[in-house]
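First the structure, in the form of structure tokens, and then the observations on it.
These numbers come from a predicted model, not from an experiment. Both ligands and their constituent atoms are indexed starting at 1 by order of listing.
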Amino acid sequence: MNQIEIKKLSSDKPLIEDLIKLKPCSWFNPNTTSVEVALPYVGLDQTDISKASERLTRFAPYLALAFPETSATKGIIESPLVEIKQMKKALEIKFAITIPGQLYLKKDSHLPISGSIKARGGIYEVLTHAEKLAIENGLLSEDDDYSQLFSEKFKQFFSQYSIAVGSTGNLGLSIGIMSAKLGFKVSVHMSADAREWKKQKLREHGVNVVEYEQDYGVAVEQGRKAAQSDPTCFFIDDENSTTLFLGYSVAGERLKHQFEEQGIKVDKDHPLFVYLPCGVGGGPGGVAFGLKMAFGDNVHCIFAEPTHSPCMFLGVYTGLHDKISVQEIGIDNITAADGLAVGRPSGFVGRAMERLLAGYYTLSDQDMYDLLVLLDKTENIQLEPSALAGMQGPVIVTNNSEYLQRMQFTPQQLQNATHLVWATGGGMVPKEEMQKYLKLGRI
Ligand SMILES: *Cc1c(COP(=O)(O)O)cnc(C)c1O
């Protein structure tokens, strides 16, 4: 895009200028509508989520054996939900506001196996592929006990096939660890921003790590190309995969269950606001889809992105989706937030979910570091920077009177609200790395 084209685009889209200037900003989409109206545009429904959930149940006995850390939950990969009262107080002081309602943290950062939200979608897609191969080759049927997959026979079988993926780190960890455990040959194509410790961990698991000096988009393209030349290779497409998306979406019914257990109400008089860090969009998009199917119009999903990589904000705001990248408007796509350094959003997720997402906002890397330190100090919970992107959400919603009025929330309803920050990663960050993060935050 040249300067004239950018000028033209921003003439009726004033926030483009703020995005280009890397000024933290937010946009609450006036075209957001009800689940009933929006669902046909998604092209997936509750039946698809239920099938994904059933598949994960079929694999649970295998996972419990293959990954002993999941044996306590009988092979179900799920994360804790915790209230963070001290952090809420600290946010109120830091931002000089009162946040009505309660503040919770969904600790996908501490999901077993790979310590990030990618343990939902990434692992699910590998399992789906493994099941398909085993069934097609007459080795397995859906009624079997899947713990038999934890055997030399199945490892031998899967070793004839390979899996490839492009990643900024966490997706690679999930897919690499899961694929290698089943016996697949697996290649992870890593972008320049991927952390050294993530690459090392993958190599320890026997994963072929291919490094690039360019960003995520290039790593994905190269991964796709390498896979095309090999008919036994399955490429996991983070930008377009409905399978990944459905793996994430199971989180909705799981969260509903956790809320019931903890006596947290969600209905018209008890709205739920969920803040999700967004990279290419599959993780937060899939989770938001699951949340919408579980809680209907009573849940309001807000995406958070770094000021240097606001790809989903830009795509939905302009209506151009994957036809525009942040680089095209002069933004560098360089951020310390792992998983969020994505310049071009998933066109599938943007188009499927735009009517169901309440809003989008950006924050700086320094904001994420500051919130990281604040959460460490107040709750003794350590996350990676990207996982803090959602933490400013309750402040942004509370300060947005235009949005709150448009939604016709009463003061009582806001008082009854639950704010849920989706912590997407950090559970596996080595101690020395975490110390470096903690030094970068100001309090
Ligand atoms: C991948 C990732 C996200 C975002 O998921 P996308 O599917 O890329 O939008 C957020 N946080 C962390 C820590 C991640 O690894």
Side-chain angles (χ1 to χ4, degrees), residues 79 105-111 113-125 165-176 188 190-191 193-195 198 215-217 219-220 236-249 251 274-290 301-306 309-316 322 333 335-350 352-353 357 360 363 365 368 371-372 382-391 393 421-429 433 437:
S79 71
L105 189 71
K106 181 64 175 153
K107 289 172 76 181
D108 273 14
S109 47
H110 292 74
L111 278 171
I113 302 178
S114 61
S116 83
I117 188 172
K118 305 297 192 310
R120 296 186 185 275
I123 289 176
Y124 176 71
E125 179 143 13
V165 67
S167 169
T168 62
N170 286 336
L171 185 65
L173 269 185
S174 290
I175 286 176
V188 175
M190 287 278 206
S191 54
D193 52 314
R195 309 275 160 190
K198 291 183 182 175
D215 79 352
Y216 164 86
V220 171
I236 294 184
D237 186 349
D238 194 19
E239 289 171 328
N240 300 296
S241 168
T242 52
T243 310
L244 269 176
F245 186 82
L246 288 169
Y248 292 116
S249 72
V274 182
Y275 309 99
L276 295 141
C278 179
V280 74
V287 168
F289 177 55
C301 300
I302 293 114
F303 280 14
E305 292 173 293
S309 307
C311 69
M312 190 59 78
F313 187 147
L314 180 68
V316 177
D322 55 348
N333 189 33
T335 166
D338 288 30
L340 308 189
V342 178
R344 190 184 296 279
S346 161
F348 150 62
V349 173
M353 292 300 293
L357 301 174
Y360 310 78
L363 78 175
D365 282 17
M368 291 182 235
L371 292 164
L372 188 153
Q382 290 80 30
L383 305 176
E384 60 187 300
S386 39
L388 276 304
M391 197 58 85
V421 174
W422 211 279
T424 45
M428 284 174 37
V429 174
E433 297 284 327
Y437 289 150

Can you name the atoms of ligand 1, numbered from 1 with element, that are less than 4.0 Å from a heavy atom of Gly282?
7 (O), 9 (O)
Is there a donor in the side chain of Ser309 and an acceptor in the side chain of Asn333, or the other way round, less than 3.5 Å apart?
yes
Would you say the side chains of Asp338 and Ser386 form a donor-acceptor pair under 3.5 Å?
no
Among all the protein's non-hydrogen atoms, which is closest to atom 5 (O) of ligand 1, and how far away is it?
Pro284 CD, 3.5 Å
Need the ligand 1 atom indices (1-based, order shown) with element for anything under 4.0 Å from a heavy-atom of Asn170.
13 (C), 14 (C), 15 (O)
Min side-chain heavy-atom separation Pro284-Trp422 under 4.5 Å
no
Paired with Tyr216, the side-chain hydrogen bond (donor to acceptor under 3.5 Å, both in side chains) test is passed by just one of Asp238, Thr168, Asp193, namely Asp238
What are the atoms of ligand 1, with element, lying closer than 4.0 Å to any heavy atom of Gly283?
6 (P), 7 (O)
State the atoms of ligand 1, each with its element, that fall below the 4.0 Å cut-off from a heavy-atom position in Ser386.
13 (C)
Below a 4.0 angstrom heavy-atom separation, can you tell me which part of Val342, side chain or backbone, both or neither, approaches ligand 1?
neither
Can you figure out which of Gly279, Ser174, Gly426, Ala337 has its heavy atom closest to atom 4 (C) of ligand 1?
Gly279
Tell me the contacting part of Val280 for ligand 1: side chain, backbone, both, or neither, using a 4.0 Å heavy-atom threshold, strictly below.
both
Test item: Tyr275 and Met391 side chains (from C-beta on) under 4.5 Å apart, heavy atoms
no
Under 3.5 Å, is there a donor-acceptor pair between the side chain of Glu305 and the main chain of Phe313?
yes
When only distance counts, is Lys118 in polar contact with ligand 1, meaning an N/O pair under 3.5 Å?
yes
Say whether Gly281, considering both its backbone and side-chain N or O atoms, lies within less than 3.5 Å of an N or O atom on ligand 1.
yes
In terms of its nearest heavy atom to atom 11 (N) of ligand 1, the top option of Ile117, Leu244, Thr424 is Thr424
